[in-house]
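Remarks on the structure that follows.
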Amino acid sequence: MYSSLVRLQNTFGFFTTVAFVIAAFIAASDFASPRAPSVATLKTTSLQVVRGRPHYYSSKKEEYAIIKFSLDANLSSLFTWNTKQVFVYVTAEWPSSGAEGNATNQAVIWDTIITAPSADHLSNLGPASLKKLRKSAAGKSIDPSRGLISLKNQKPKYQITHPSGKIAETQDVRLRLHYNVQPWVGVLAWNQNVDYGRWKRLKGDLSKKFALPALKTKAATTGAAGTGTKA
Amino acid sequence: MLSSLGNPRQAAAQLMNFGLILSTAFMLWKGLSVITDSPSPIVVVLSGSMEPAFQRGDLLLLWNRNLFSETSVGEIVVYNVKEKDIPIVHRVVRKFGSGPNAKLLTKGDNNLSDDTELYARGQDYLVRKDIIGSVQGFIPFVGYVTIMLAEHPWLKTVMLGIMGLVVVLQRE
């Protein structure tokens with residue numbers, strides 16, 4: 001028991017045990033901090049369905065829906081010292097009619113990544129925007145104000161379609177806000193439908209039902225859509 | 001070990017010990033595989049397509065059972081492209097339908113466009129069985145050793161050489 005190799009082994013073993021226990025405590029601390037995110041407004045401001053090709057080499061044209069929306073949300077309670085980033089995304093969801101019965105369709109129309117100040121150095125912005133981002137949180141290790149989102153008539157990032165190629169005049173479409181909290185150490189968490197202890201569910205995350213309009217006439221939309229999902 | 005070569009019983013006991021350690025490690029891995037129902041329950045992030053969330057070298061813990069709800073939009077999943085053995089970690093952005101035949105589309109957070117180009121020829125969407133797990137937990141940096149070993153194969157020889165040297169030189 002006196003060789004340096006055994007001592008090295010013991011030290012390393014102790015180091016990993018301690019690191020593991022600390023990581024477990026950090027992960028558990030996430031559950032102790034309360035979360036109460038809320039959405040004040042989530043509504044569509046403009047709806048359009050156009051024809052476009054999925055790739056430049058496709059011969060088939062498909063229908064794409066462009067859903068512009070306004071969003072006002074307060075996600076500041078999601079930012080703790082263990083938060084690396086919050087991935088916020090808005091989906092459009094609608095039930096399928098006919099043969100699929102209760103099947104639902106969901107597609108992300110817009111998303112964004114909000115980094116916590118401790119992870120700003122990892123974000124992939126250019127040097128000018130990165131400087132601006134770091135200045136906005138100067139001196140603070142946690143910045144809950146980053147969780148305030150206010151968008152007016154926001155253009156969607158993705159124009160969505162259905163595998164069948166048809167999306168015009170779909171009924172009962174709703175927008176829903178989601179978030180995904182990525183910690184430095186621990187479990188990933190999404191928005192939940194029920195309250196778990198100190199974590200409250202997202203209030204007001206569903207918009208009113210709306211229907212997608214019919215396809216516009218050819219004259220108005222030729223060349224307007226370009227390639228489908230590439231925004 | 002040099003001294004035990006003359007004593008076959010001790011050599012056999014050492015060999016058995018070595019075998020026991022190897023098989024315990026193997027069974028722990030396989031056991032975890034069975035519990036999570038994933039062929040590879042712990043993966044290392046290889047590319048930067050999910051930055052800034054996951055950096056190269058981070059370890060991801062996967063879970064492949066849909067106990068409470070189906071795989072839905074927004075989850076981060078690991079999937080293999082048909083006929084290729086490269087696991088890709090991306091987020092599900094679209095889902096059409098429900099059940100095992102639901103069509104899923106994925107996209108990396110750091111990529112401008114979705115994964116349609118990565119799928120096999122003629123395949124526009126994934127289905128549930130293409131997915132080998134959904135990310136539940138995350139440990140930073142720990143997996144970087146694996147990446148270094150894969151990208152610099154001479155490191156493997158060096159490590160094995162050092163281990164062999166250590167075993168030969170120690171007395172117990």
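Every chain is numbered from 1, with letters handed out A, B, ... down the list of sequences. Here the structure is a predicted model, which means the values were calculated and not measured.
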Taking side chain as everything from C-beta outward and backbone as N, CA, C, O, which of these in [X] sits under 4.5 Å from a heavy atom of chain B? Side chain, backbone, both or neither.
| X | value |
| --- | --- |
| Q106(A) | both |
| F87(A) | side chain |
| L188(A) | both |

Once ring-ring contact (aromatic ring centres under 6.0 Å, His included) is applied, what residue pairs with a partner in residues 8-52 of chain B remain, sequence neighbours excluded?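 ring-ring contact (aromatic ring centres under 6.0 Å, His included) check on residues 8-52 of chain B returns no pairs.
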
Would you please name every residue forming a ring pair (Phe, Tyr, Trp, His ring centres under 6.0 Å) with F210(A), sequence neighbours left out? none

If only side-chain N and O atoms count, and only distance matters, is there a donor-acceptor pair under 3.5 Å linking N105(A) with R94(B)?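 Per modelled atom types, R94(B) and N105(A) side chains form no pair under 3.5 Å.
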
Please classify the contact between K103(B) and chain A as side chain, backbone, both or neither, with a heavy-atom cut-off of under 4.5 Å. side chain

Heavy-atom cut-off 4.5 Å, strictly under: side chain, backbone, both or neither for I76(B) against chain A? both

Report the C-alpha separation of R176(A) and E93(A) in whole Å, then their side-chain angles, then the decisive distance to 0.1 Å, and conclude whether the salt bridge (charged side-chain N to carboxylate O under 4.0 Å, His left out) test is met. CA-CA 8 Å; R176(A) 189 195 288 264; E93(A) 44 190 58; 3.1 Å; yes

Quick one: OH on Y179(A) to CZ on R35(A), what's the gap to the nearest 0.5 Å?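 That separation rounds to 6.0 Å.
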
